[in-house]
Visitor: 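Let me give you the structure first, and then I'll get to my questions.
Position 1 is the first residue of the sequence, and the numbers go up from there.
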Amino acid sequence: MVDDITKMRNIGISAHIDSGKTTLTERILFYCQKIHAIHEVRGKDGVGATMDSMELERERGITIASAATNVTWKDTDINIIDTPGHVDFTIEVERALRVLDGAILVLCAVSGVQSQSITVDRQLKRYNVPRIAFVNKSDRSGANPYKVCEQLREKLNLNSVMMQVPIGLEDKLEGMVDLITMKGLYFDGDDGEKFRIEEIPADLKDEAEAKREELLDAVSMFSDEIMELMMEGEEVPEELIHAAVRKGTLALELCPVFMGSAYKNKGIQPLLDAVLAYLPCPTDVENRALDLDKDEEEVVLPSDPSKPVVALAFKLEDGQYGQLTYLRIYQGVLKKGMDLYNVRMKRKLKVGRLVRMHSDSMEDITDARCGDIVALFGVDCASGDTFCDPSLNLSLTSMYVPNSVISLSIAPVDKKASDKMAKALNRFTKEDPTFRTYVDPESNETIISGMGELHLEVYVERMKREYGAEVETGAPRVAFREAISGTADFNYTHKKQTGGSGQYGRVAGTMEVLEVGEDGKEYEFVNQIKGGAIPQEYIPSCDKGFQEAMKKGSLIGAPVVGVKMTINDGQYHTVDSSDQAFQTAALGAFRDAYGRAKPVILEPIMKVTVEGPGEFQGNIFGTINQRRGMIIGSTEEGNNCVVEAEVPLSEMFGYSTVLRSSTQGKAEFSMEFAKYGKVPQGVSEELIKAYQDERKAASK
């Protein structure tokens with residue numbers, strides 16, 4: 001356990017898929033002497049990268065689950081989380097960023113800022129995470145760190161500033177010039193472990209001087225002393241520059257840019273020094289919680305070991321040793337054998353085994369203090385639960401969980417597989433909040449839903465491998481929604497007379513379109529009842545009834561979104577009115593008005609980014625146009641082109657095969673959910689007919 005909290009860092013490594021995050025993490029582990037040999041992501045040695053511990057990850061050469069490790073560099077403890085780059089596993093990035101204090105944004109020196117880099121940057125901004133950028137693959141043909149630094153400004157709106165200039169590029173990359181010390185940095189030895197500092201090569205002196213001036217200009221905004229020294233033409237001391245860069249980075253107003261090649265073992269040690277110098281320690285970050293005993297009043301959690309403990313469970317994993325719960329400790333000290341309180345479940349528990357993780361291996365520890373990331377064994381909880389000292393009742397805000405956009409029906413092949421499948425589904429839904437499962441009440445099928453084809457494919461594969469559950473999958477289904485495009489008034493009476501007291505309730509008002517804004521609010525209830533036409537205690541019943549009706553629209557049975565329900569009149573009966581009567585009245589009123597409010601079907605529209613050689617640009621356009629896609633923009637960078645489009649998700653199934661065949665396998669694409677859009681008339685009619693046929697078949 002580190003005694004000095006300032007000597008601790010919690011960082012994430014995030015980037016677009018295939019930018020070299022896992023390779024970079026492998027080098028960091030090697031230079032921090034956590035591993036004794038370097039393994040590659042698609043290693044010929046058959047071992048695979050240390051952080052890709054899942055068999056599937058090693059086969060596919062991608063990161064699926066974020067992995068945590070802990071290293072020590074120059075007497076500072078660094079907790080590192082290597083996150084996936086593929087958009088289907090975006091929840092892994094969300095949950096990591098929720099608990100991290102800083103991040104390394106990895107970019108490819110050739111491709112620069114790519115579509116997923118933009119998504120990751122948006123996530124970093126959502127959680128106010130300071131970042132430093134690392135331009136990787138500077139040894140590759142076409143590498144241009146200067147262009148990448150410019151793109152960080154243009155595409156991500158970051159105040160990027162180069163901290164180094166390369167000594168040689170592409171296959172001539174030898175090292176880099178440090179613009180603060182004005183020295184050349186070289187990396188010798190088989191694995192770049194011998195770090196050598198030399199004078200700057202003569203032919204780079206002028207360029208280095210010019211870039212240093214740019215650096216000083218940028219950091220002088222964060223230091224009056226530097227500004228004064230520059231105006232007087234004096235030399236600026238190194239400590240002042242470090243302090244100003246740190247201040248700008250922590251304020252999210254500066255993004256220092258470093259460079260190198262993780263694969264060729266160049267530039268990693270200076271990057272680790274930068275993590276220590278510029279990224280925050282736990283005391284630099286203000287964390288807040290809600291006090292449930294004081295009407296959810298916000299309280300600041302100081303990184304103070306003497307305070308009662310508060311921690312967040314941000315990730316669950318069911319490994320060979322049972323359920324593992326990853327915790328970030330925000331306040332106090334967590335000790336083996338102490339009592340904890342799960343705020344959501346309102347349940348006490350005892351801390352049994354406490355471990356520090358290194359990918360899929362672990363070391364037992366007796367205690368950990370605020371700022372640390374550790375794991376517990378055998379704790380029943382869900383992702384996002386808050387644990388605290390039994391004397392507190394605080395809740396930490398959970399991470400942002402996007403809605404799933406695609407679903408599949410799955411069925412076990414026999415009874416034995418059925419039990420295994422149920423076990424697997426129970427575990428996966430606990431582990432991953434974006435993976436959901438339910439039984440369709442009409443068809444009685446088990447449905448799984450997630451963020452994309454690859455997301456569901458990986459879970460089906462994991463069911464087979466980890467649980468031996470053989471399952472058959474149905475065709476992918478899109479998460480359609482229904483909405484209204486007009487306004488309708490309603491005046492509905494629910495009246496039911498049986499023996500004894502009956503049911504009575506009348507509700508009147510207006511149904512209108514609610515624009516779904518940034519906050520994602522899909523429904524609004526407005527109460528304009530005056531003079532007690534409906535008693536106050538039945539108003540929430542009306543709200544409940546409307547919300548119940550929205551679960552299933554009448555066109556294709558999809559959930560209804562974007563509706564504002566206003567009630568302005570009604571009637572009740574002193575004996576026959578009840579909570580249930582008004583809920584049923586509201587349900588009937590909604591269905592009655594819905595048919596007259598011009599209902600429409602909405603489908604998820606995906607933001608698709610295709611990257612490939614410029615010569616295939618026409619073919620790429622063709623593949624998008626055939627899929628009802630709308631091209632938003634196209635940029636050419638060198639020999640490559642990047643096409644951005646919006647395409648309905650229902651048209652994207654099997655797109656990878658079509659794209660490969662039309663670009664000789666040289667193009668790749670990524671997609672993420674953008675918005676819901678109206679389905680064209682022809683498609684809408686087909687969907688309604690298919691839904692009606694399905695209902696008829698189910699009723700027979």
Visitor: Between R212 and E238, is the closest basic N to carboxylate O distance under 4.0 Å?
Guide: no
Visitor: Would the distance check show the side chain of S303 and the main-chain N or O of P282 forming a donor-acceptor pair, the cut-off being under 3.5 Å?
Guide: yes
Visitor: Looking at side-chain heavy atoms only, is the closest gap between F187 and N265 below 4.5 Å?
Guide: no
Visitor: Indicate yes or no for a side-chain donor-acceptor contact from R9 to the backbone of L276 under 3.5 Å, with no hydrogens or angles considered.
Guide: yes
Visitor: Do L185 and V177 pass the side chain to side chain contact (heavy atoms under 4.5 Å, CB included) test, and can you show the C-alpha distance, the side-chain angles, and the key distance before you say yes or no?
Guide: CA-CA 6 Å; L185 313 176; V177 174; over 6 Å; no
Visitor: Do V245 and M163 come within less than 4.5 Å of each other through their side chains, counting heavy atoms only?
Guide: yes
Visitor: Output yes when E150 and K147 qualify as a salt bridge under the 4.0 Å nitrogen-oxygen rule, no when they do not.
Guide: no
Visitor: Measure across L152 and A133 and return the closest heavy-atom pair with its distance rounded to 0.1 Å.
Guide: CD1-CB, 3.9 Å
Visitor: Using modelled atom types and a 3.5 Å cut-off, is there a donor and acceptor pairing between side-chain atoms of S220 and backbone atoms of D217?
Guide: yes
Visitor: Within 45° of the ring axis of Y186 and under 6.0 Å from its six-membered ring centre, is that where the NZ or CZ of R196 lies?
Guide: yes
Visitor: Is K350 salt-bridged to D339, going by a charged N under 4.0 Å from an acidic O?
Guide: yes
Visitor: Any side-chain heavy-atom pair from L392 and Q331 closer than 4.5 angstrom?
Guide: yes
Visitor: Just verifying a value: how many Å separate D224 CG and E228 CD, rounded to the nearest 0.5 Å?
Guide: 6.5 Å
Visitor: For K247, does the NZ atom have more than 12 heavy-atom neighbours from other residues, nucleotides or ligands under 6.0 Å away?
Guide: no
Visitor: Give the C-alpha distance, both sets of side-chain angles, the deciding distance and a yes or no for salt bridge (charged side-chain N to carboxylate O under 4.0 Å, His left out) between K183 and D178.
Guide: CA-CA 6 Å; K183 295 283 185 198; D178 183 329; over 6 Å; no
Visitor: Evaluate whether atom CE of M230 has more than 12 neighbouring non-hydrogen atoms of other residues, nucleotides or ligands under 6.0 angstrom away.
Guide: yes
Visitor: Any chance you could measure I373, atom CD1, to N70, atom CG, to the nearest 0.5 Å?
Guide: 9.5 Å
Visitor: Please round to the nearest 0.5 Å and tell me the distance separating atom CG of L156 and atom CZ of R131.
Guide: 8.0 Å
Visitor: Show your working on side chain to side chain contact (heavy atoms under 4.5 Å, CB included) between Y326 and V374 and close with a plain yes or no.
Guide: CA-CA 6 Å; Y326 285 81; V374 290; over 6 Å; no
Visitor: Does a side-chain N-to-carboxylate-O contact under 4.0 Å join K7 and D75?
Guide: yes
Visitor: Could you tell me the separation between the CZ atom of F134 and the CG atom of L271, rounded to the nearest 0.5 Å?
Guide: 5.5 Å
Visitor: Take the angle between the ring planes of F435 and F428 and call it parallel below 30°, perpendicular above 60°, tilted in between.
Guide: perpendicular
Visitor: Taking C-beta and beyond as the side chain, do F387 and V310 meet within less than 4.5 Å on heavy atoms?
Guide: no
Visitor: Within 45° of the six-membered ring axis of Y31 and under 6.0 Å from that ring's centre, is NZ or CZ of R27 located there?
Guide: no
Visitor: Which atom pair, heavy atoms only, marks the closest approach of C281 to D101?
Guide: C-OD2, 4.3 Å
Visitor: Mind listing the closest non-hydrogen atom pair of I268 and A262 along with its distance?
Guide: CD1-CA, 3.9 Å
Visitor: Side chains of V333 and V309: closer than 4.5 Å at any heavy-atom pair?
Guide: no
Visitor: Could you please spell out the steps behind the side chain to side chain donor-acceptor pair (under 3.5 Å) verdict for N79 and D372?
Guide: CA-CA 7 Å; N79 288 312; D372 220 338; 3.0 Å; yes
Visitor: Apply side chain to side chain contact (heavy atoms under 4.5 Å, CB included) to residues D139 and K264 and explain how you reach the verdict.
Guide: CA-CA 8 Å; D139 59 311; K264 291 284 171 70; 3.3 Å; yes
Visitor: Less than 4.5 Å apart, any side-chain heavy atom of L250 and any of R246?
Guide: yes
Visitor: When P256 is tested against each of L279, L215, T249 for side chain to side chain contact (heavy atoms under 4.5 Å, CB included), which residue passes?
Guide: T249
Visitor: A side-chain contact here means heavy atoms from C-beta on lying under 4.5 Å apart; do V275 and I132 qualify?
Guide: yes
Visitor: Got a salt bridge between E466 and R427, using NZ or NE/NH1/NH2 to carboxylate O under 4.0 Å?
Guide: yes
Visitor: Charged N to carboxylate O under 4.0 angstrom, E286 versus R288?
Guide: yes
Visitor: To the closest 0.5 Å, what do you measure between CD (Q151) and OH (Y146)?
Guide: 15.5 Å
Visitor: Any chance you could lay out the side chain to side chain contact (heavy atoms under 4.5 Å, CB included) test for N136 and L107, step after step, and finish with the verdict?
Guide: CA-CA 6 Å; N136 193 21; L107 302 140; over 6 Å; no
Visitor: Could you state the interatomic distance from SG (C149) to CD (Q164), rounded to the nearest 0.5 Å?
Guide: 11.5 Å
Visitor: For a quick test of reading the model, state the closest non-hydrogen atom pair linking M338 to L334 and the distance between them.
Guide: SD-CA, 3.7 Å
Visitor: Shortest non-hydrogen contact from L396 to T386?
Guide: N-OG1, 2.9 Å
Visitor: Using every non-hydrogen atom in the two residues, find where D389 and S391 come nearest and quote the distance to one decimal.
Guide: OD1-OG, 2.7 Å
Visitor: Main chain of M345, side chain of N342: is a donor-acceptor contact present, judged purely on distance under 3.5 Å?
Guide: yes
Visitor: Is a side-chain donor or acceptor of S138 paired with a backbone partner of G260 at a separation under 3.5 angstrom?
Guide: yes
Visitor: Assess whether a salt bridge exists between R356 and D364, defined as any Lys/Arg side-chain N lying under 4.0 Å from an Asp/Glu carboxylate O.
Guide: no
Visitor: Please check this pair: side chain of S223 against backbone of I226, looking for a donor-acceptor N/O pair closer than 3.5 Å.
Guide: yes
Visitor: Would you say that K348 contacts L340 through its side chain, given a criterion of any heavy-atom pair below 4.5 Å between the two side chains?
Guide: no
